[in-house]
Each structure stands twice: as C-alpha cells, then as structure tokens.
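Right, one structure below, let's go through it.
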Amino acid sequence: MSEIRERIARRIAQELEDGDLVNLGIGMPTMVADYIPDNVRVIFQSENGFVGMGPRPPKGEEDPDLVNAGSEPVTIKTGGAFFDSATSFAIIRGGHLDATVLGALQVDQQGNLANWKIPGKLVPGMGGAMDLTVGARRVIVATTHTTRKDQSKILPECTLPLTAKGEVDLIVTEMAVFRVTDQGLLLEEIAEDSSLEEIKEKTAANFSLAEELKTFV
Amino acid sequence: MSEIRERIARRIAQELEDGDLVNLGIGMPTMVADYIPDNVRVIFQSENGFVGMGPRPPKGEEDPDLVNAGSEPVTIKTGGAFFDSATSFAIIRGGHLDATVLGALQVDQQGNLANWKIPGKLVPGMGGAMDLTVGARRVIVATTHTTRKDQSKILPECTLPLTAKGEVDLIVTEMAVFRVTDQGLLLEEIAEDSSLEEIKEKTAANFSLAEELKTFV
Amino acid sequence: MDKIVDKEKVKGLFADDQRLMIGGFIECGSPHKLIDLLLESGGRNLTLIGNDTGFDDQKAGQLVVEKRLSRVIASHIGTNKETGRQMNSGDLEVELVPQGTLVEQIRAGGAGLGGVLTPTGIGTPVADDSRIIEVEGREYLLAKPLRADLALIKAWKADSAGNLLYRHAARNFNPVMAMACDRVVVEAEEIVPAGEIDPNQVVTPGIFVDYILQNGEEE
Amino acid sequence: MDKIVDKEKVKGLFADDQRLMIGGFIECGSPHKLIDLLLESGGRNLTLIGNDTGFDDQKAGQLVVEKRLSRVIASHIGTNKETGRQMNSGDLEVELVPQGTLVEQIRAGGAGLGGVLTPTGIGTPVADDSRIIEVEGREYLLAKPLRADLALIKAWKADSAGNLLYRHAARNFNPVMAMACDRVVVEAEEIVPAGEIDPNQVVTPGIFVDYILQNGEEE
C-alpha cells in the first residue's frame with residue numbers, strides 16, 4: 001500500500017512546474033512534496049494560513065503553532081508568509097493556485113469529485129476541498145484505482161455527494177493516468193506493472209485512449 | 001466664519017463619549033477633534049487606513065505617509081494601528097464606529113443627506129461618505145445653517161442627489177441643534193446669540209420644539 | 001477602560017444559549033484557557049461557529065465531549081468522533097459549510113455586508129439549501145453574514161490597547177472572528193504596554209477587542 | 001524567477017488600452033516612480049481603477065493631465081480639477097463608486113467572489129445603476145468584482161521573494177489591488193533579501209507579486 005501511495009505521489013510530482021503555487025490535500029497528496037525534482041521550485045500553500053510550507057522538522061523541533069491542515073508539524077521556508085483564513089481562501093478561490101492535489105472517494109468521467117461525505121456513515125465535512133476544486137487552475141486527483149473491496153473508484157457518475165462538479169483535470173492512480181476532457185476520460189499513461197486489460201477490467205467509467213499511450217513507473 | 005465653524009465643532013465635540021470610535025469628515029468636521037474635553041478619550045479613525053489619529057505634528061515634523069483623508073499631516077497616538085482600505089471600510093460599514101461627523105450641502109427632515117454632487121457643476125464624488133452614513137451608529141451633520149446666498153440648507157426634502165437616505169441623527173449649525181426623529185426634526189437647542197424667530201425664518205424644513213429648549217454657546 | 005481582565009471577569013461573560021465564535025484550526029490557535037473558563041462556567045445549549053470541533057482528546061474538542069453545544073457551524077468535524085456521534089443521534093445540530101465560505105460569512109458579518117456570492121459549492125449538496133444568484137452568466141451561492149455574541153480569540157502578543165499579533169499558523173480564523181462579534185475576549189500569551197507593538201505590524205486593531213486575559217503562569 | 005527588474009523591463013509591461021489598478025490615496029502611497037515610467041512609455045486609452053485621480057499638480061494626477069486615460073473608476077475626483085473638466089467635456093468616462101464598495105469590488109476580484117452585497121448607496125443615485133438584492137427583508141446593492149491587467153503598487157520594503165510591507169497611511173488600497181490583477185508591479189523604497197522580513201509581519205505575500213522596482217537613487 002505504501003508503495004502504491006508513493007508511486008501516485010511521485011507521478012503527480014512530475015506534473016508540477018517551476019514557480020507553481022500548489023495546495024496539497026491531507027493524506028496521500030501531502031506526499032507529493034517529497035518527490036519534486038531538485039531543479040523545480042514549487043511553493044506550497046497550506047490552507048490554515050501560509051505559503052512557503054516546508055517539510056516536517058527534525059524530531060524535537062516541532063512547533064505546535066506551525067502545522068499543516070492535517071495537523072502535522074511542518075516548517076516554513078525562507079520567503080514564506082503567514083496570513084489569516086480569509087486571505088488563505090482568497091488565494092484559493094481567487095485563482096492564485098496553479099494546482100491542487102486531492103484525494104477521492106469517487107471521481108467520474110465528467111470530472112466530478114466526491115470526497116467529503118458517505119451519507120449515514122461518515123461525514124467529516126468538506127473543509128477546504130470545495131474551494132480548492134473550484135479555485136485552483138488544475139485539480140489533480142490522487143487516488144487508489146479501486147476501493148478496498150476492489151470496486152472501481154473511477155465511475156461513469158459519482159453516487160456519493162459531490163465535492164465539485166466538473167472541476168477535475170487529471171486522475172492519477174497506481175495503474176493509470178487519465179485526463180478529463182470535454183469528451184470524457186482519456187487514458188494517457190499505464191503503469192509499467194499494469195496493462196490496458198487490467199485497467200479496462202477495474203475501471204467502471206468509460207474512457208478513450210490517447211494516441212500515444214505512455215508508461216509510468 | 002471661522003467663529004461659526006468653531007462653535008459648531010465645539011458643540012459637536014460635546015456629543016462624543018468616553019471610549020467612542022469616531023470618524024470626522026473633511027473640513028469643519030475635522031475641527032471637532034480640537035474641542036474634546038480632556039477627561040473624554042475619543043479614538044479617531046481615518047478612512048485612509050488607521051485608528052488612533054492624533055493632531056497635526058509640529059512644523060517640520062510632517063510625514064507624507066501620515067496624513068488624514070483630507071491630505072493634511074497628522075500623527076498617530078500610542079495604541080493606534082494602520083490597516084488597508086478593506087479593513088478601514090469593514091470598520092466603517094460593519095457598525096464599529098460609534099459616530100461620524102459629516103458636512104452637508106443639504107440635509108432634510110427625513111434625515112436625508114446630500115453632500116457629494118451638484119449636477120452639471122461640481123462632482124467631487126462621494127469618497128467614503130456613503131459608507132460612513134450607512135455604517136456609523138450616529139451620523140452627526142455639521143453645517144452652516146444657510147448657504148452663502150442665505151438660503152436654508154435644512155430642507156423639507158433634499159433636491160440634490162443623496163449621499164444617504166434617512167441616516168442622519170443630529171444636525172448642528174451655528175444657530176441650532178436638531179434631532180432627527182421618526183416624526184421629523186426636533187429643535188433641541190438654540191445658540192445663545194440666535195432666537196427661535198431667527199431659526200424659523202432661516203429653516204425651510206418643518207420642525208417641532210423639544211419640551212425643554214436649551215441654549216448652547 | 002482597562003481591557004485587561006481576570007478569570008472571574010471572563011467567566012461572568014458566559015451564559016447559556018450564547019452564540020460563540022472560537023478561533024483556531026484543529027486546536028492550533030484555539031484559545032484553550034478561555035475554553036477552560038467556558039467549561040468551568042457551566043454554559044450550555046451553546047452555538048459554536050468555528051472551523052472545526054477540535055480533537056476529542058484535546059481542549060477545543062471538550063465543548064462537544066461535555067455536551068455544551070446544541071448547534072455547530074463548521075467546515076470539518078472529522079477529527080472529533082464525538083461530534084459525529086451526537087450529530088447522528090440527533091443531540092447536536094451540525095451545519096457543514098465550505099471553509100472559504102465560512103470565513104467569508106464571518107468577514108461579511110464583521111464588515112457590514114449583506115452577503116457574498118461564491119462559486120464554491122455550485123453543483124454540490126451545499127447548493128441545495130442556498131439561494132443561487134446568477135451574475136453575468138455564472139451561478140453563485142449567496143453566503144449570508146454570520147455574527148455571534150462572543151468571540152474567543154487566541155493571540156500571541158496583545159498590548160494594553162487591545163492590538164494583537166498572532167504567531168505562525170495560529171492566526172487562522174482569529175482575526176476575522178475578532179471583527180464579527182458583539183464582544184471580543186482575547187487570550188494572549190504575552191501582554192505588553194500600549195506602544196510596544198509597532199502600529200504598522202498590528203494584525204487586529206485594538207478597537208475590536210473588549211477583554212484580554214493573560215494565559216500564562218504569572219497571572 | 002528573479003522578481004527584481006529594471007526600468008526598461010517595467011516600461012515594456014505597459015501598452016495602450018490597458019486596465020490598471022494604481023494604489024494610493026490622493027498621492028499618499030501612490031507609486032510615483034511607476035507612474036513616471038507609465039507616462040514615459042506613452043500608453044494611452046487606459047482605464048484607471050483607483051481611489052481618486054490625485055492632485056492635478058502632483059504625480060498621480062498627471063495621468064489625467066496628460067490625457068492618458070479614457071475611463072476612470074474611483075470614489076473621489078475632487079482634488080484633480082482636470083478630471084472634472086475632461087468628464088464634463090466628454091473626453092473621460094468617470095464612474096464614481098463609494099470608497100468602501102470600490103475596495104470590496106477589488107477584493108472580490110482578487111478573492112474569486114461573484115460580488116458582495118452592500119447596504120451602502122441604497123436610496124441614492126448609486127443604486128440606480130445597480131442590481132438590488134433583498135436578503136432577510138433588507139435591500140443591498142450588488143457590487144460586482146473588479147480586476148485589471150496590471151497593478152501598480154507602492155511598498156515600503158520588499159524582499160526578493162516579493163513579500164511586502166507598507167508604511168503608515170501609505171498602505172491604503174495597495175494590498176487589496178495586489179491580489180486582483182493579472183500582473184503586479186511593485187515600487188519599493190527598499191529591497192531586502194528574502195528572509196529579512198519576518199513571515200508573521202508580511203502584509204502582502206510574495207506569491208501575489210511579479211515584478212519589483214527599487215525606487216531609490218541607487219538603481
């Protein structure tokens with residue numbers, strides 16, 4: 001499982017460009033920061049109120065006033081800045097983020113995302129996810145291809161309450177990279193240990209194939 | 001004329017209470033600050049971005065970055081703070097001001113105020129006046145009783161474009177103090193060198209008399 | 001007009017049925033001392049407006065655990081299992097709001113706006129309970145202003161005039177809430193004389209602040 | 001990604017028909033050096049969004065005096081006689097907006113809001129051209145978001161990452177405008193290396209800033 005998460009994070013890290021301002025969701029998306037190439041300078045925004053977020057500090061140097069949106073100790077890099085939640089969401093909603101990376105309970109071929117509520121079961125709340133999806137220029141979904149019960153998380157249509165309608169741009173799983181287009185999902189890349197057959201079998205959504213299908217590691 | 005302005009400013013200063021946060025308009029209203037009793041601590045807000053405004057500095061100590069909304073050099077008192085225009089008008093519109101003192105071209109018996117535009121002639125713009133009138137708890141108008149052509153500025157109904165509808169609470173002139181009530185204007189005070197007859201003659205608006213008519217100096 | 005008060009004064013500000021805004025983001029920047037006093041005061045049937053309901057094993061979460069709340073308006077409750085439990089049992093009314101909408105509602109309450117139009121939540125269940133307003137061909141949700149009786153604010157430094165500084169990510173909702181409540185109570189790590197905070201560096205101007213409690217040992 | 005640029009680079013950013021936001025409040029906190037470069041660049045038919053049009057005998061007022069503007073959105077034009085003259089002659093389109101509405105429109109543009117509802121101007125001529133929206137029995141004007149191609153900002157200190165501090169009343173519209181434009185050009189009195197401004201004291205985070213010009217002698 002941790003290998004799967006690493007693979008997804010590593011692949012998404014390649015999507016980020018020098019100078020990008022990026023917000024990473026809680027959980028697997030947070031790991032993306034560990035795989036940014038040295039020659040690419042990405043600025044991370046933390047929705048609880050700062051830009052220039054850096055990695056976890058060495059043990060013993062954690063500061064309870066310096067945590068990410070998932071309550072994990074982090075650091076701030078030179079040139080970073082703190083601000084209040086109104087400014088934080090002005091950045092997020094106002095189109096100042098180049099990309100956000102978010103997890104999914106379900107994602108579908110219209111680019112809809114569901115990740116905040118399982119009615120009658122789990123209702124953690126949407127936190128900042130609805131603002132992130134509507135505001136960021138690119139919305140990248142980081143998700144395992146299937147649920148623990150081996151059911152596809154990539155659907156013709158989400159059945160859970162939506163976080164965002166039609167906002168997802170790219171879906172990265174341990175098996176595949178799909179681009180969301182006006183014509184639906186486009187399979188662009190296949191993991192080196194997967195196959196088109198496996199992806200077809202485990203994907204409930206319809207998708208078409210890119211002209212040039214690439215492989216990712 | 002300067003004696004008239006001083007009298008109006010001095011009378012309005014008596015309206016302000018210890019602890020009040022007050023915004024003074026440009027011109028005569030600005031003079032109110034000079035007449036606050038020593039035992040009353042009023043905090044002045046300047047709409048261009050600070051609270052704790054203090055008097056003009058000694059000659060030679062003016063700072064071009066420290067001026068009031070009328071571009072006059074001022075100071076900031078201990079405990080004051082600077083902020084941006086969005087915060088400044090959050091204070092003004094959000095009901096955080098106890099009072100504002102504004103000048104008038106016309107004011108009427110419904111508590112309407114006109115002070116930003118003479119169509120075809122003078123259109124300086126409303127600046128912050130519309131926000132001040134709608135946001136401050138008390139709107140006090142400081143005005144000469146008549147125009148230079150000796151016409152009443154206190155009318156049954158304003159004829160110039162309005163700055164605010166029904167927001168004026170008190171009108172102070174060199175002759176009289178009127179309170180704006182739901183039943184119209186109530187004459188509460190007469191200047192010691194004026195008379196009820198003179199006020200009746202020079203006031204176009206209807207007004208009733210307070211049970212106890214006071215005199216002011 | 002001394003704003004610096006003691007614990008007894010703060011406790012006297014609390015009452016049943018109040019509507020409270022409490023700063024903080026999952027316990028970071030939460031006014032733990034003020035919450036302690038609120039818990040001691042015994043206030044019940046409270047409405048909480050805040051980003052979240054903290055952790056169930058930490059201070060901000062205890063308002064839920066000790067069943068002081070009847071209503072919560074928040075963006076996230078996943079870190080306090082007790083909140084979900086009381087919500088599912090019907091003991092606690094929970095209104096979930098996108099975080100950026102929540103902070104704009106609070107800001108609108110403090111800034112005298114009748115609401116703001118946000119694209120956030122269009123096409124989601126959040127839109128079901130909201131008025132939709134179309135502007136230039138695009139749909140927005142109307143987010144109405146929020147205000148409360150009392151704001152509980154955590155500051156890093158306060159001066160005696162009430163000017164506040166916050167530390168790192170502990171700032172979050174605190175400065176916005178300090179503008180949107182009838183009375184504002186601040187817990188400060190340090191209190192300094194007026195004049196010691198540069199007026200250019202002030203984050204929350206003192207005019208918004210009614211009471212300041214020192215949260216340290218030396219009280 | 002060095003943000004510090006020279007005068008030639010700044011001049012190259014200007015073009016005819018641009019929509020500009022320019023910080024300042026009647027010349028206080030106005031970016032006089034950037035306005036100089038704009039005047040030198042020869043750009044014409046510009047739209048200015050700002051609090052006012054400065055004094056006719058000072059720098060910010062020269063954009064009007066030299067007839068570079070075809071449209072102004074401002075709250076006050078009384079300090080520049082030339083603005084009123086061109087408005088009355090029909091050479092300049094002037095839209096007057098209450099100051100608090102103007103700054104919220106700019107903020108909405110930067111914050112991705114579809115607009116805000118303000119009580120300011122109800123019952124006045126300002127309401128005639130506005131959409132009225134009723135919320136809980138009270139009428140508000142819809143103030144739509146404003147954005148521009150270029151923001152010209154005056155800062156006190158900038159660090160090389162673009163983080164900005166402002167001085168005294170020279171802050172005014174500058175931080176709000178820095179969030180609402182496609183490109184943001186800053187004139188700073190002093191430029192320091194990144195890290196020299198405490199991240200807790202930053203007023204405008206560097207992510208909003210594209211270009212910084214030193215306005216001093218040493219350039």
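Computed from a prediction, not measured in an experiment: that's the story for all the values here. We name chains A, B, ... by the order of the sequence lines, and we start the count at 1 in each one.
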With a cut-off of 3.5 Å and sequence neighbours excluded, list every side-chain donor-acceptor pair involving residues 200-211 of chain C.
| residue | atom | partner | partner atom | Å |
| --- | --- | --- | --- | --- |
| Asn200(C) | OD1 | His168(D) | N | 2.8 |
| Asn200(C) | ND2 | His168(D) | ND1 | 3.0 |
| Gln201(C) | OE1 | Gln201(D) | NE2 | 3.2 |
| Gln201(C) | NE2 | Gln201(D) | OE1 | 3.2 |
| Thr204(C) | OG1 | Tyr166(C) | OH | 2.7 |
| Asp210(C) | OD2 | Val184(C) | N | 2.8 |

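- The local environment of CD in Glu134(C) is crowded, with over 12 non-hydrogen atoms from other residues, nucleotides or ligands closer than 6.0 Å.
- No donor-acceptor pair under 3.5 Å is formed between the side chain of Arg93(B) and the backbone N or O of Gly112(C).
- In this structure, the portion of Ala161(C) lying under 4.5 Å from any heavy atom of chain B is its side chain and not its backbone.
- Pairing each heavy atom of Ala90(B) with each of Met179(C), the nearest pair is CB-CE, 3.5 Å.
- Annotation: residues 64-79 of chain B contacts chain C through Ile76(B), Thr78(B), Gly79(B) [non-hydrogen atoms, separation under 4.5 Å].
- Inspection of non-hydrogen atoms places no residue of residues 101-121 of chain B under 4.5 Å from chain C.
- For Ala81(B) against Asn163(C), the heavy-atom pair with the smallest separation is CB-OD1, 3.7 Å.
- For a heavy-atom cut-off of 4.5 Å, chain C lies close to no residue in residues 154-185 of chain B.
- In this structure, the side chain of His96(B) engages the main chain of Gly110(C) through a donor-acceptor pair within 3.5 Å.
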